[in-house]
Amino acid sequence: MDSSCDSSADDLAPLILACASGDRAALRAIYDQHAARLKALAYRITGSAQLAEDVVHDVFIRIWQQAASFDPARGAGRAWLTTITRYRALDILRRVGREAPAEDLPEEADESPDALARLMASTQGAALHRCLAGLDQPRRRMITAAFIEGKTHAELANALNIPLGTVKSTIRRSLAALRKCLGE
Amino acid sequence: MSGTAPQDDGQDSNAVLAGEFVLGLLSVEEQARVEILARQDKALAAAIAQWQARLDPLSDLPEPMPASPELWARIEASLAPQAAAAPSPARKPANDNFWRALALAGMAAAAVLAAFIWQAPPKPEPWAQAVALLTAPGSIEAGLRAQVTRGGTITVVPLHAVTLAQGRKLGFWAWPKGQPAPVLLGMITPSGGQLRFPFPVQDATPVMVTDEPPEGPGAKPGATLFIGLLALTG
């Protein structure tokens, strides 16, 4: 189970630092804690379990290589891992072309009790949940679909059957509302 | 947003751009542009980091997927020095078609390469004016590191063993803005070298290494082995 933590106690930072010194056990510890979460994210974006494993492989090589340039002052290690994973998954998706998801995942899966329990396990997650609840369901869905599945403006517009310009402006307003709600 | 004080406008526009960037909603070209901008604009970089932190908890929503037992072994194998990033003979080299495609794309080479080269700028030494990590096209493992000093010298150091056919050498090229094509700075061996860098150092200048005969390239550059972007320091 992923040990979600408060940003005030980032237990990843020492592990990442240890990776920078060549400590393989530290990389393994990060892997044990986060690989499943990152693979799930990569799977949602690429639609392929094999590609998802390729993404996770690339992510951990990159963590190893870039550990020395990780700056804890710029943010928690967890967000760094998530960012690397999303970038790599989207990059691979562009190169191979989008594959159809193995199963048609119902939207409700992301709002299931288990999913919400995972989200609320961290302070940041609970705050985000509270602020997302301030958006109506379609707006909430746009944000999560873009982040978790890598949906583009065009794909969202198609899926929701609304104009592209409306999707863009709606997301901008939703981001502004989230930013305001979450404060600094 | 209504009621926003004038001095917040820059923050707000950074926040919008950063939010869309982090959500992955920008086009490939826009994304590349933001990546380059963020290297120079600390406020934009901070806005991006803030959105990454705010949205990160969303990654807990999907149910975790246990990795196959072989995955860690794959990772370990890739970390081993023996599994170096020297390109395999089977790899299709990006050669002059690549450069032609870049020119035809009509976009700044740096913007295309920023999307194409999946790397972040490395930490420079104090005396360096610019630094680049060069990777094999499509790879993520850095093969070479290049640093430009204030004296106008570029030092190239291999990070893993670079293997070439007998007698071959490496051509080191830079493509400063304003040049119609990459410029050969000189020839180096697989153990690295030092060359003159006779251009004003600009951020996001592409640099690349090609496989050449010992006397230097013929009419066209040889196969591109490694490619990177110079990142200004300080």
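Letters A, B, ... mirror the listed sequences (proteins, then strands); counts begin at 1. Because only heavy atoms are used, hydrogens play no part in the values below, and waters and symmetry mates are left out as well, while side chains stay in.
Within the model, atoms CH2 of A:Trp64 and CD1 of B:Ile75 stand 12.0 Å from one another, a figure rounded to the nearest 0.5 Å. Separation of atoms CG (B:Leu61) and CZ (A:Arg37) is listed at 11.5 Å; rounding is to 0.5 Å. A:Tyr87 OH to B:Gln31 CD: the interatomic distance, rounded to the nearest 0.5 Å, is 6.5 Å. Distance CG/B:Leu79 to NE2/A:His57: 7.5 Å, rounded to 0.5 Å. Of the inter-residue distances, the one linking A:Arg86 atom CZ with B:Asp56 atom CG reads 10.5 Å to the nearest 0.5 angstrom. B:Met65 CE to A:Glu53 CD: the interatomic distance, rounded to the nearest 0.5 Å, is 8.0 Å.
Screening A:Asp110, A:Thr82, A:Leu132 against B:Leu58 for a side chain to side chain contact (heavy atoms under 4.5 Å, CB included) leaves a single residue, A:Leu132.
In summary, B:Glu76 and A:Arg24 engage in a salt bridge, as defined by a charged side-chain N under 4.0 Å from a carboxylate O. The pair A:Asp54-B:Arg74 meets the salt-bridge criterion, with a side-chain N (NZ, NE, NH1 or NH2) lying under 4.0 Å from an Asp/Glu carboxylate O.
Between chain B and the residues A:Leu81, A:Ile148, A:Leu41, the most heavy-atom pairs under 4.5 angstrom are made by A:Ile148.
The shortest non-hydrogen separation linking B:Pro64 to A:Ala40 is CA-CB, 4.0 Å. Smallest separation of non-hydrogen atoms from A:Gly125 and B:Pro57: CA-CB, 3.5 Å.
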For B:Leu133 and A:Gln66, what are the C-alpha separation, side-chain angles and deciding distance, and is it a side-chain contact (heavy atoms from CB on, under 4.5 Å)?
-> CA-CA 11 Å; B:Leu133 284 179; A:Gln66 296 286 329; 4.2 Å; yes
Starting from the C-alpha separation in whole Å, work towards a yes-or-no answer on side-chain contact (heavy atoms from CB on, under 4.5 Å) for B:Asp12 and A:Arg179.
-> CA-CA 10 Å; B:Asp12 277 355; A:Arg179 181 175 161 232; 2.9 Å; yes
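The ring-ring contact (aromatic ring centres under 6.0 Å, His included) search around A:Trp80 returns A:Phe70, not counting sequence neighbours.
In this structure, no portion of A:Leu38 lies under 4.5 Å from any heavy atom of chain B. Proximity to chain B is absent for every atom of A:Arg173, based on heavy atoms less than 4.5 angstrom apart. Looking at B:Ser27, neither its backbone nor its side chain comes within 4.5 Å of chain A, counting heavy atoms on both sides. Only the side chain of A:Tyr31 comes within contact range of chain B, judged by heavy atoms closer than 4.5 Å. Both the backbone and the side chain of A:Leu175 come within less than 4.5 Å of a heavy atom of chain B.
Side chains of B:Ser59 and A:Arg78: a donor-acceptor N/O pair is present below 3.5 angstrom, by distance only.
Contacts classified as disulfide (SG to SG under 2.5 Å) and involving residues 110-155 of chain A (residues at least two apart or in different chains) are given here: A:Cys131-A:Cys181.
With hydrogens and angles ignored, the 3.5 Å screen pairs no side-chain donor or acceptor of A:Arg28 with any backbone N or O of B:Trp72.
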